[in-house]
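Heavy atoms only: backbone and side chains are in, while hydrogens, waters and symmetry mates are out.
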Amino acid sequence: MNVSVSQALPTNDSYLDELDPKNYIIIKRARVNNLKNLSVAIPRNKLVVITGLSGSGKSSLAFDTLFAEGQRMYVESLSSYARQFLGRMEKPDVDYIKGVSPAIAIEQKVNTRNPRSTVGTTTEIYDYLKLLFARIGKTYSPVSGKEVRRDTVTDVVTAINKWPTGTRVMIAAPLKIAKGRKLNEELNLLLSKGFARILVDGEVKFIEELLNPAPEAGKKKAKTLKIEGDIEILIDRASVNPEDEDTTYRLSDSVQTAFFEGEGDCIVYAEREGKMQRDVFSDRFELDGITFTEPSVNFFSFNNPYGACQTCEGFGKVLGIDEDLVIPDKSLSIYEGAIAPWRSEAMSEWAKPLLKNGIKFDFPIHRPYNELTKEQQELVWNGNEYFDGVNDFFKYLESKTHKIQYRVMLSRYRGRTNCPDCRGTRLRKDAQYVKIANTSITDIVLMPIEEALEFFNKLKLNTYDQKISERILTEIKSRLEYMTRVGLGYLTLNRITSTLSGGEYQRIKLATSLGSALVGSMYVLDEPSIGLHPKDTSRMVDVLLSLRDLGNTVIVVEHEEEIMRAADQIIDIGPDAGSHGGQLIFQGTLNDINGKVASHTTAYLSGRETIPVPPQRRKWVDSITVVGARENNLKNLTVKFPLGVLTVVTGVSGSGKSTLIKKILYPAVGRLNGSVAEAPGRYDRLDGDVSRITQVEFVDQNPIGKSSRSNPVSYVKAYDVIRQLFADQPLSKQRGYKPSHFSFNVEGGRCETCQGEGEIKVEMQFMADIYLRCESCNGKRFKQEILEVEYNGKNIADVLDLTVEDALDFFKDKKTILDKIVPLNDVGLGYVKLGQSSNSLSGGEAQRVKLASFLAKNASQGHILFIFDEPTTGLHFHDIAKLLKAMNALVDEGHTVIVIEHNLEIIKCADWIIDLGPEGGEKKGGNLMFVGTPEEMVKKPKGYTAEFLKTKL
């Protein structure tokens, strides 16, 4: 569909010069990538959605033009170190940009692989929690459960003044005799300090009389003084009078002296009802004979040696005995040999006492392990007086490690397990003794975020603690609330950041930005609806609107219909992708767009174009079944996956889709045919016709190569043929060039300054690295003499700069090359350049390049199980239609396709649906809600997916 730009806005952009940059961000004639002199005025402090086909130029406008200029202007304000690169740091190719605010980009990529980075640290919630517990946390003894307190002089004087006026009190301190000093020497020292009396078992004695007793008849004076009983220094005697200021000052002074002389202990005697009552105060932080560490911010920091757990060194995992290796099949009972190391003849002796004596303590030896109560399972591991448990067995093996067979046996059952000391929270063990409202910081980071929010909302503190923590609690509650609002209430603060999906990470960054409450900024978001079930999209819209209402300009690159409807303005870029895109088709509201402009976006939004529902669903006979899936939040599921059809696994974010497919199905099937090395998550077994599957391919959104030199043309193996073509040219033969001379991966023809990258990375220390065009080859990647070789008027750099669509025309008479690159066009990547760096491809584009490589192979060998992880990422409705066609082509060739997806267009076209839920997270997710066809799902609505699917069928 070709649309003339005249239908939308006037081509004369002189009106931009009259607009006020205080009210608009004005871009005049942007030429970045495929943008064709695009001019646009974006209203400030509005929610603006930029839409259009994949590759039409949305990201070029939002990120490569707007954000790049915002970042460049920011760097300009920095130190001379950063500015020394500015002369070479390229400005976006544009006449001018006015009115740019400080820019914040929130992209899809999970930027950190740091094993110490958690959801709590990324959102800064954990920093506030550390501060909160350091300020108002109370330490409780694990022995008595009493609060550990350090008594101050004020505490002691306040306690004395609570007694009735006139009560006689004595303030004393235990006598500490220095090492190597005798008692009479210590008493002489006390006399010299001005003390006159001591207490012996509470009775007052004069020091002078003890040192110089009256001689008894016929006895000599003893050289060494001996006193039986507890000796205390009597510091002062007084009567309680809270009204008298002098008495209070005197008591304070005496208590201070007692703490000093008693090395932290002060004893107060008070005469009550004719008896002397003795109270001991201590200014040391101890109780029950244990000295505790006083809470500080570093005390709760697992990234600091002071606060990190000593056992796991702050990583949360240790190399320990893995329960899943010891008891691999939990559907077996102890009698049937559930404990794998006790199955051999020699080691079965360890099982006999349990089997023989189980009846004495009512232990069900015939019940499957996974049906035992938690207490019974712990008994198997810890043992009792009748038998030694599994832990004792492994301690025995460790004591015999001088024998190789025991070392081998130990290694067989070892794996990375949660640290027993810190429960995987990475903090030192005594950090758990510090509590607020009977809850420790480790309890909070292990709670789902929505539970943590509920805890803080209900938290009642005394007036003093409330005043100290008021500002901190506001920040914590605000950030937790935003995390819940963006649909991440099921995550825990302890979750490692690198395990999050791209969509989850992006929403975390969004929630962090909201929590920071910045004003007057420009937020550029890359499809925040990724990974969101339709149920959560409306909450995302609310979040974007609140970000706008704070006083920010929110620019969203998005295809999601609901977000478009909520936008203050829509900017449609097109009309098509690649060299046919880059023009402003429309700017206005959704109501304006429907009647005025014909484009792919309006065609789908108005219903003129739709993705058709298949006339009938494919039938299937064979299947594979995962039995007893229990990893993460999965509730012991048994799930059947049909073979030879298109299956969609769906459910809300956090319901367990990725766990079931990525952590269990993929590694379990892959290990059977030797293509996957990683261990699957916890499950019992695989049933069904698994032997039919000859290969399993997981098509995820990770980059298509580890090097930035990797690109689409090399990934689909078309570059080998192109290099050979250039090596066959007369000039190449004359100069002796081989195909390797046209490769940027090996020395020979490539530019050695940038090593074939075309750009040079400049590390900016505390900022994101900057990539600058290589000055030697001007970004061409090859030496000048190599570029002199041409085919049909284009050199190798020109060919790599062609889009897939243009290359189809250029190589129309080269069937071997066409066969390789046609699939790239078929999956909707006609706009991508052949030599485009893998760094610049989005997750969805990388995924489709992988799909194209499988289509190019025309893989008819065997039966391949293809697994796609949210393949609609970054796809317009028009591109989803192409993607479905490509996936159905794989099924028609006799393969099986399983897709993890929320997109209703894909769900409605599935042959089989597996829906998990009902909600996300540990408690509410991980249940099997529905299996069957889309029509059956709508007839028996159960769960959120069925409600939304009704509108599409």
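- Closest approach of Val827 to Ala852, counting heavy atoms only: CG2-CB, 4.1 Å.
- A salt bridge is absent between Arg848 and Glu845; no separation between the charged side-chain nitrogens and carboxylate oxygens falls under 4.0 Å.
- Here the closest heavy-atom approach between residue Thr65 and residue Ala30 is recorded as CG2-CB, 4.3 Å.
- Residues Asp892 and Arg618 have side chains in contact (heavy-atom distance under 4.5 Å, counting atoms from C-beta outward).
- Side-chain contact between Phe744 and Leu800 is present, with heavy atoms from C-beta onward closer than 4.5 Å.
- Judged purely by distance below 3.5 Å, without hydrogens or angles, the side chains of Asp720 and Gln724 never pair a donor atom with an acceptor atom.
- Taking the six-membered ring where the residue is Trp, Phe866 and Phe868 present parallel rings, their angle staying beneath 30° rather than reaching 60°.
- For the residue pair Tyr831 / Gln836, no side-chain donor-acceptor distance below 3.5 Å is found, with atom types taken as modelled.
- The backbone N or O of Leu875 sits nowhere less than 3.5 Å from a side-chain atom of Thr872 that would complete a donor-acceptor pair.
- Looking only at side-chain heavy atoms (C-beta outward), Asp869 and Ile661 stay at 4.5 Å or farther from each other.
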Worked verdict on Glu752 versus Glu747 for side-chain contact (heavy atoms from CB on, under 4.5 Å)
CA-CA 7 Å; Glu752 287 305 323; Glu747 292 179 24; 3.4 Å; yes
Would Ile906 and Leu884 satisfy side-chain contact (heavy atoms from CB on, under 4.5 Å), going step by step from the backbone distance to the final call?
CA-CA 7 Å; Ile906 298 277; Leu884 271 166; 3.8 Å; yes
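- Using modelled atom types, no side-chain atom of Glu697 and backbone atom of Ile864 make a donor-acceptor pair closer than 3.5 Å.
- Counted by atom type alone, Asp572 and His600 present zero donor-acceptor pairs between their side chains at under 3.5 Å.
- Between the side chain of Glu901 and the backbone N or O of Asn903 there is at least one donor-acceptor pair closer than 3.5 Å.
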For a quick test of your reading: what N or O donor-acceptor pairs under 3.5 Å do the side chains of residues 813-821 make, sequence neighbours left out?
{"residue": "Lys815", "atom": "NZ", "partner": "Asp819", "partner atom": "OD2", "Å": "2.8"}

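- Put simply, the side chain of Pro528 reaches to within 4.5 Å of the side chain of Val556, judged on heavy atoms.
- The structure places OG1 of Thr601 at 12.5 Å from CD1 of Ile571, a figure rounded to the nearest 0.5 Å.
- A pairwise comparison of heavy atoms in Asp728 and Lys733 identifies O-CE, 3.5 Å as the closest pair.
- Using a 4.5 Å heavy-atom threshold, the side chains of Lys794 and Leu802 count as touching.
- In this structure, the side chains of Tyr791 and Val799 stay at 4.5 Å or more apart for every pair of heavy atoms.
- The closest side-chain donor-acceptor pair between Ser529 and Glu558 falls under 3.5 angstrom.
- A salt bridge links Arg31 and Asp93; the closest N-O separation between the charged side-chain nitrogens and carboxylate oxygens is under 4.0 Å.
- Within the 3.5 Å criterion, the main-chain N or O of Leu53 finds a donor-acceptor partner in the side chain of Lys58.
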Run Lys882 and Asp826 through side-chain contact (heavy atoms from CB on, under 4.5 Å) and show every step you take.
CA-CA 7 Å; Lys882 290 182 181 178; Asp826 291 346; over 6 Å; no
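- With salt bridges taken as basic N to acidic carboxylate O contacts below 4.0 Å, none links Glu775 and Arg773.
- The shortest side-chain heavy-atom distance between Val699 and Pro871 does not fall under the 4.5 Å cut-off.
- Between the side chain of Thr51 and the backbone N or O of His559 there is no donor-acceptor pair closer than 3.5 Å.
- At distances below 3.5 Å, at least one donor-acceptor pair connects side-chain atoms of Asp798 with backbone N or O atoms of Asn795.
- Ring planes of Tyr737 and Phe742: perpendicular class, angle over 60° (limits at 30 and 60°).
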So Ile624 and Leu665, side-chain contact (heavy atoms from CB on, under 4.5 Å) or not? Walk me through it.
CA-CA 10 Å; Ile624 52 175; Leu665 180 69; 3.9 Å; yes
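- Not a single donor-acceptor pair under 3.5 Å links the side chain of Ser117 to the backbone N or O of Thr497.
- The shortest distance between side-chain heavy atoms of Thr647 and Thr896 does not fall below 4.5 Å.
- Using a 4.0 Å cut-off between charged side-chain N and carboxylate O, Glu785 and Arg735 make no salt bridge.
- Side-chain atoms of Lys783 come within 3.5 Å of backbone atoms of Gly748 as a donor-acceptor pair (strictly under, hydrogens ignored).
- Using a distance-only test at 3.5 Å, with no hydrogens or angles considered, a donor-acceptor pair links the side chain of Arg781 to the main chain of Gly835.
- Here the OG-NE2 distance, from Ser691 to His863, works out to 11.0 Å after rounding to the nearest 0.5 Å.
- In plain terms, the two heavy atoms of Ile573 and Ser56 that are nearest each other are CG2-O, 3.3 Å.
- The shortest non-hydrogen separation linking Ala62 to Ile50 is CB-CD1, 4.1 Å.
- The side chain to side chain contact (heavy atoms under 4.5 Å, CB included) test with Tyr719 singles out one residue from Ile796, Leu834, Asn745, and that residue is Ile796.
- When every heavy atom of Ala577 is checked against every heavy atom of Ser54, the shortest pair comes out as CB-O, 3.2 Å.
- Between the side chain of Ser732 and the main chain of Phe726, a donor-acceptor pair closer than 3.5 Å is present.
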